[in-house]
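Quantities reported herein were computed from a predicted structural model and do not represent experimental measurements.
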Amino acid sequence: MSRWLRPVLSRVIQRVGLSAGPREPEAGGQARFGLLFDIDGVLVRGKTPIPGARRAFQKLVDSRGHFLVPVVFVTNAGNCLRQTKADQLSHILGVPISQEQVMMSHSPLRMFKQFHHKCVLVSGQGPVLDIASNLGFSNPITIDSLRESYPFLDMVDHTRRPKILPPSATDVPRIEAVVLFGEPIRWETNLQLITDVLLTGGCPASHHQAASSPHIPVLACNMDLMWMAEAQSPRFGHGTFMVCLENVYKKITGKELKYEVLMGKPSEVTYQYAEYLIRTQKQWAEPITTLYAIGDNLMTDIYGANLYNRYLQERTPLIGSQALVQAASGVPVVSVSEEEEPSLETVLSFPSATSCRSIVVCTGIYNPRCEVPADTPQSVTETVFHGHRDFRFDPALVEPGHIVTDVSAAVDLIFELEGFVQRGGPRTN
């Protein structure tokens, strides 16, 4: 049996009941649960730390600053590299955070290798070329560089219109896909150029093609309609930009904009990837069977956690050792050798977690005074459902498992539910 198949197989066997099953947590023993933290509205509002955040993380590390339980930060932000976000969190929380503990909305794009060697147009802000390169894309092009090649395409801002039309650029390759990392700065420019790319089959300087269907692939990260910063009310997020793009495209073509993939919360692939990051933290000898997702947004954090929990609960148990081995490897047993490594997609398909529980805090988007209408067909309209149009509204999915005041109270609740006793004492500085 190959070196990577043994641990995968043992987890699958345990999950289907061929072992004694998960043991009860012991006082001072290793945790069998992991924590998935949202950031905006849970730990910070804009650049301002939420008061309970440092207090929460003093409970999660020992006196040497080592984590007592596995932790991953799952944010829908996509405007920086993982290491940058880890450095920011280390400063805010007062504990060392590594990039392996950080998941950005675009992190699962590492799996989409079929696009890594294509010419892709990337939209967003921040170091988008560095982000794309870090994810594996070898031939990205930015909105700004596309505009520089074809300045006559961007005409909304009169002050940026070219005085003299330059000769057509000849060094821009055909764009084969569009990747939306996050909300841009100049929305009108991005809306115009992305629409041009979609309506011309990737050659934005040419004529729009009325029958350009299907359009080139669009991969989108971060569907948050709104997010919580320092202001008293939520601010526009990338989901709002996506609504604009979808409606512009439909108004022009009469057809729906189609996505190759939607990632970021509440998408299932986001939670699969987050569970994978929990599972690959090397210091935990025992498999992590329960995840707790702490967030402030019912339509993303809670919907996504509950959707993933439903996925975990509905997984069909695998029976029989031959089926277990084949399922764990993704290929017939006879073809697995010591040298082979599993694809990331295969690894994501076999989590050690069996449940994902949702906890909402009252320090961000969530308003405990507002209730979700129970009679969906009669009382839920598009103005109520703030999730993405491709996600079906289900009242059960936006119902949090627990409601607490802040992230510190969330940690206290989880420790109580798990009967977990801190080893070495919490950090107090």
* Output, in order, the C-alpha distance, side-chain angles, deciding distance and verdict of side chain to side chain contact (heavy atoms under 4.5 Å, CB included) for Leu60 and Phe415. => CA-CA 10 Å; Leu60 291 172; Phe415 281 5; 3.8 Å; yes
* Going through the distances and angles, do Phe420 and Phe33 end up as a ring pair (Phe, Tyr, Trp, His ring centres under 6.0 Å)? -> CA-CA 10 Å; Phe420 184 72; Phe33 61 94; 5.5 Å; yes
* To do: Locate the shortest heavy-atom distance separating Ala274 from Val72; write the atom from each residue and the value.
  => O-CG2, 4.2 Å
* With a 3.5 Å cut-off and no angle check, do the side chains of Glu275 and Ser352 form a donor-acceptor pair? -> yes
* To do: To the nearest 0.5 Å, tell me how far His106 NE2 sits from Thr75 OG1.
  => 9.0 Å
* Are any side-chain N or O atoms of Thr354 and backbone N or O atoms of Thr289, one a donor and one an acceptor, separated by less than 3.5 Å? -> yes
* Asked: Do any N or O atoms from the side chain of Asp62 and from the backbone of His66 form a donor-acceptor pair under 3.5 angstrom?
  -> yes
* Is there a donor-acceptor pair closer than 3.5 Å between any side-chain N or O of Thr200 and the backbone N or O of His207? -> no
* Step-by-step side chain to side chain contact (heavy atoms under 4.5 Å, CB included) determination, Ser355 to Thr290 -> CA-CA 5 Å; Ser355 66; Thr290 303; 3.6 Å; yes
* Can you check whether His215 and Tyr249 have ring centres sitting under 6.0 Å from each other? -> yes
* Under 4.5 Å between any side-chain heavy atoms of Ile414 and Ile359, yes or no? -> yes
* Just wondering, do Trp284 and Arg279 contact through their side chains at under 4.5 Å, heavy atoms? -> no
* Separation of His116 NE2 from Arg110 CZ (nearest 0.5 Å) -> 8.5 Å
* For the atom pair CD1 (Ile50) and CG (Leu43), what is the distance rounded to the nearest 0.5 Å? -> 7.0 Å
* Asked: Sub-3.5 Å donor-acceptor pair from the side chain of Asn134 to the main-chain atoms of Asp130, do we have one?
  -> no
* Would you say Thr240 and Trp227 make side-chain contact, with heavy atoms under 4.5 Å? -> no
* Structure fact -> Between Pro234 and Met226, the two heavy atoms sitting closest are CB-CB, 3.7 Å
* To do: Could you tell me which non-hydrogen atom of Val411 sits nearest to which non-hydrogen atom of Ala56, and how far apart they are?
  => CG2-CB, 4.0 Å
* To do: Please test Ile294 against Val404 for side chain to side chain contact (heavy atoms under 4.5 Å, CB included), starting from the C-alpha separation and ending with a verdict.
  => CA-CA 10 Å; Ile294 302 99; Val404 295; 6.0 Å; no
* Rounded distance (nearest 0.5 Å) linking atom CG of Asp406 with atom CG of Asp296 -> 12.5 Å
* Quick one: does Ser105's side chain have a donor or acceptor within less than 3.5 Å of a partner on Asn76's backbone? -> yes
* Check the pair His208 / Asp196 against side-chain hydrogen bond (donor to acceptor under 3.5 Å, both in side chains), numbers first and verdict last. => CA-CA 7 Å; His208 284 186; Asp196 286 334; 2.8 Å; yes
* To do: Would you check if the side chain of Arg54 reaches a backbone N or O of Ile92 as a donor-acceptor pair within less than 3.5 Å?
  => yes
* **Closest non-hydrogen atom pair, Gly34 against Ile288** => N-CG2, 3.4 Å
* To do: Could you tell me whether the side chain of Gln272 and the main chain of Pro351 form a donor-acceptor pair under 3.5 Å?
  => no
* Asked: Do Phe67 and Gln281 come within less than 4.5 Å of each other through their side chains, counting heavy atoms only?
  -> no
* To do: Answer yes or no: is there a donor N or O on one side and an acceptor on the other, between the side chain of Thr363 and the main chain of Gly41, under 3.5 Å?
  => yes
* To do: State which residues pass side chain to side chain contact (heavy atoms under 4.5 Å, CB included) with Arg389; sequence neighbours excluded, sorted by chain then number.
  => Glu246, Glu256, Leu257, Tyr259
* To do: Describe, in one word, how the ring planes of Phe152 and Tyr150 are oriented to each other, choosing from parallel (under 30°), tilted (30 to 60°) and perpendicular (over 60°).
  => perpendicular
* **Side chain to side chain, Phe241 and Ile194, heavy atoms closer than 4.5 Å** => yes
* Are His238 and Cys221 close enough, and set up right, to give a side chain to side chain contact (heavy atoms under 4.5 Å, CB included), and what steps lead you there? -> CA-CA 8 Å; His238 188 223; Cys221 314; 5.5 Å; no
* For the residue pair Pro108 and Met103, establish whether any side-chain heavy-atom pair is separated by less than 4.5 Å. => yes
* Structure fact -> All heavy atoms of Phe391 vs all of Ser267, minimum pair found to be CZ-CA, 4.0 Å
* side chain to side chain contact (heavy atoms under 4.5 Å, CB included) with Ala396: which residues, sequence neighbours excluded? -> Arg310, Asp394
* Asked: Are any of the side-chain heavy atoms of Tyr366 and Asp301 separated by less than 4.5 Å?
  -> no
* Structure fact -> One should read off an interatomic distance between Ile97 CD1 and Leu89 CG, to the nearest 0.5 angstrom, of 6.0 Å
* To do: For Leu397 and Asn306, work out which heavy atoms get closest and say how close.
  => O-ND2, 2.9 Å
* To do: State, yes or no, whether a side-chain contact exists between Phe236 and Cys244 at a heavy-atom distance under 4.5 Å.
  => no
* Is there a donor-acceptor pair closer than 3.5 Å between any side-chain N or O of Ser133 and the backbone N or O of Leu129? -> no
* **Residues Phe73, Phe57; criterion ring pair (Phe, Tyr, Trp, His ring centres under 6.0 Å); working and verdict** => CA-CA 12 Å; Phe73 300 89; Phe57 279 80; 5.6 Å; yes
* Give a yes or no on whether the backbone of Pro287 and the side-chain of Arg32 come within a donor-acceptor separation of less than 3.5 Å. => yes
* **Qualifying salt bridge (charged side-chain N to carboxylate O under 4.0 Å, His left out) pairs with a residue from residues 183-195, counting only residues at least two apart or across chains** => Asp157-Arg186, Arg186-Glu188
* Starting at CG of Leu307, measure out to CD1 of Ile302 and round the result to the nearest 0.5 Å. => 12.5 Å
